[in-house]
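Everything on this sheet refers to the single structure shown next.
For the numbers below, each heavy atom of this structure counts, side chains included, while hydrogens, waters and symmetry mates do not. Quick note: residue numbers are just sequence positions, from 1.
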Amino acid sequence: MTQERRHPASWWAQFQEASDRFDTAYLTEGLGDLINAKISAPLLRREAQIASDIVVRHLNKPNSEELAERSAKAVERLVETVKRLEERSGDGFELTEANALCHLLEGRIAEAASEAEEFVKTQQILRVFVGALRMERFDNDLAVRMLAAGHTPGAALGSGAVVGKYSWWPSWLMKVVTERAMAGRLDEQTISALDRCAYAELSPAQSRIARRLLSGEEALVETTATRLEALNEPRAAKLLREGDLTAVALAARLIPL
């Protein structure tokens with residue numbers, strides 16, 4: 001059973017644009033494996049696998065003239081085979097998977113990914129694309145979760161980079177960051193404010209309070225703001241009531257240990 005295509009080729013093309021280290025060989029091998037597994041005809045699947053292996057070898061060694069020639073011939077042979085099967089069988093033989101692989105091996109990566117969504121789970125394809133970014137200090141899992149939830153590649157990749165960069169933050173704060181990223185509310189100002197919380201060296205009890213304040217728990221915000229006013233911190237109390245995250249670290253640290 002096929003699934004409805006969810007993303008056009010232009011959407012998938014954003015991944016290559018997001019990283020100057022995009023690993024085409026990794027992507028071709030990973031997506032090729034996903035597509036090849038869906039080709040039902042054994043002989044066609046075998047030829048497709050051989051072509052995929054040669055193309056990946058060439059992509060890993062782009063300066064090799066021999067591999068370049070072998071790669072071009074293998075792709076040409078596969079494309080001709082698929083065309084011949086289409087001519088012979090008409091509408092009676094399903095070649096969607098083989099055509100998607102041909103496009104992939106021809107370098108039409110975004111188009112191939114869009115076509116593959118008809119028969120491969122989107123999340124599987126996303127994991128291959130995110131892995132191909134080859135980004136250091138990057139949270140692949142969060143990026144994939146955000147993409148699967150409908151966020152744009154720009155937002156998902158940006159949040160993945162943030163979480164990867166600040167992976168040393170305490171677990172309670174990382175959970176807050178993840179929740180805000182999934183909700184589409186993780187911007188530079190928020191990151192800066194949360195970074196202050198990370199440096200605040202809060203006790204477990206204070207950390208729990210900070211997390212509740214960050215979630216905007218109204219009753220606790222008001223109680224804490226009142227306490228700040230009693231401690232002669234009216235400005236911090238005002239900021240806390242207004243939802244300013246910079247006041248959370250101060251407010252949490254003033255909670256008795």
Side-chain angles (χ1 to χ4, degrees), residues 1-87 89 93-135 140 143-144 147-148 152-153 156-157:
M1 180 180 295
T2 60
Q3 62 187 52
E4 183 180 352
R5 184 181 301 174
R6 285 176 280 181
H7 301 101
S10 58
W11 189 88
W12 289 104
Q14 296 178 70
F15 288 87
Q16 286 176 279
E17 300 166 359
S19 173
D20 55 7
R21 301 175 61 188
F22 192 85
D23 192 335
T24 305
Y26 176 94
L27 186 284
T28 302
E29 182 175 15
L31 183 55
D33 286 346
L34 293 174
I35 295 174
N36 282 331
K38 299 296 183 178
I39 297 177
S40 57
L43 293 179
L44 179 58
R45 184 170 62 250
R46 177 59 179 164
E47 184 173 341
Q49 185 62 61
I50 292 172
S52 298
D53 291 343
I54 296 174
V55 170
V56 170
R57 287 180 63 191
H58 171 235
L59 290 173
N60 280 318
K61 294 183 178 180
N63 296 325
S64 171
E65 293 183 5
E66 178 189 354
L67 285 175
E69 184 177 350
R70 290 181 59 195
S71 175
K73 288 182 177 179
V75 174
E76 182 180 356
R77 183 164 55 248
L78 178 62
V79 170
E80 290 177 352
T81 296
V82 173
K83 286 183 178 179
R84 188 165 59 251
L85 288 171
E86 287 180 325
E87 292 171 356
S89 60
F93 191 55
E94 183 60 61
L95 290 166
T96 302
E97 299 85 356
N99 276 312
L101 183 69
C102 287
H103 295 156
L104 174 65
L105 300 184
E106 289 173 331
R108 295 151 65 181
I109 292 173
E111 184 176 343
S114 182
E115 293 168 344
E117 277 194 281
E118 294 187 9
F119 51 86
V120 176
K121 290 182 179 179
T122 299
Q123 194 149 341
Q124 290 180 295
I125 304 174
L126 285 172
R127 288 197 174 279
V128 175
F129 269 79
V130 171
L133 295 172
R134 295 303 193 197
M135 298 178 72
N140 287 21
V144 171
L147 289 164
T152 65
L157 300 182

Of the non-hydrogen atoms in [X] and [Y], which two are nearest, and what is the gap between them?
{"X": "Phe22", "Y": "Phe129", "value": "CE1-O, 4.1 Å"}
{"X": "Leu101", "Y": "Ala48", "value": "CD2-CB, 3.2 Å"}
{"X": "Leu78", "Y": "Ala51", "value": "CD2-CB, 4.1 Å"}
{"X": "Ser19", "Y": "Leu133", "value": "OG-O, 2.8 Å"}
{"X": "Phe119", "Y": "Ala100", "value": "CZ-CB, 4.0 Å"}
{"X": "Arg45", "Y": "Ile39", "value": "NH1-O, 2.6 Å"}

Roughly how far, to the nearest 0.5 Å, is the [atom2] atom of [Y] from the [atom1] atom of [X]?
{"X": "Leu34", "Y": "Arg127", "atom1": "CG", "atom2": "CZ", "result": "12.0 Å"}
{"X": "Tyr26", "Y": "Leu59", "atom1": "OH", "atom2": "CG", "result": "15.0 Å"}
{"X": "Thr24", "Y": "Ile109", "atom1": "OG1", "atom2": "CD1", "result": "4.5 Å"}
{"X": "Asn36", "Y": "Leu31", "atom1": "CG", "atom2": "CG", "result": "9.5 Å"}
{"X": "Ser40", "Y": "Glu97", "atom1": "OG", "atom2": "CD", "result": "6.5 Å"}
{"X": "Glu66", "Y": "Arg57", "atom1": "CD", "atom2": "CZ", "result": "8.0 Å"}

Do [X] and [Y] come close enough that some side-chain heavy atom pair is under 4.5 Å?
{"X": "Leu44", "Y": "Leu95", "answer": "yes"}
{"X": "Leu126", "Y": "Trp12", "answer": "yes"}
{"X": "Leu27", "Y": "Leu104", "answer": "yes"}
{"X": "Val79", "Y": "Glu106", "answer": "yes"}
{"X": "Pro153", "Y": "Leu147", "answer": "yes"}
{"X": "Thr28", "Y": "Ser52", "answer": "no"}
{"X": "Asp33", "Y": "Glu29", "answer": "yes"}

Task: Matching residue for Thr81 among Glu86, Glu47, Glu76 - test: side-chain hydrogen bond (donor to acceptor under 3.5 Å, both in side chains) - done: Glu47
Open item on the list: I'd like to know if Lys83 and Glu87 make a salt bridge, using a cut-off of under 4.0 Å between side-chain N and carboxylate O.
Closed with: no
Task: Evaluation steps, salt bridge (Lys or Arg N to Asp or Glu O under 4.0 Å), between Glu69 and Lys73 - done: CA-CA 6 Å; Glu69 184 177 350; Lys73 288 182 177 179; 3.2 Å; yes
TODO: Could you check Asn63, Leu67, Asp53 and say which one makes a side-chain contact (heavy atoms from CB on, under 4.5 Å) with His58?
DONE: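 Single side-chain contact (heavy atoms from CB on, under 4.5 Å) partner of His58 among Asn63, Leu67, Asp53: Leu67.
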- [ ] Mark yes when over 12 heavy atoms from residues, nucleotides or ligands other than Arg108 sit less than 6.0 Å from its CZ; otherwise mark no.
- [x] yes
Open item on the list: For Arg134, I'd like to know if atom CZ has over 12 heavy atoms of other residues, nucleotides or ligands within 6.0 Å.
Closed with: yes
Task: Any donor-acceptor N or O pair under 3.5 Å, side chains Glu118, Thr96 - done: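 The criterion, which ignores hydrogens and geometry beyond distance, is not satisfied for Thr96 and Glu118.
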TODO: Say whether, by atom type as modelled, one donor and one acceptor occur between the side chain of Ser114 and the main chain of His7 under 3.5 angstrom.
DONE: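 Present.
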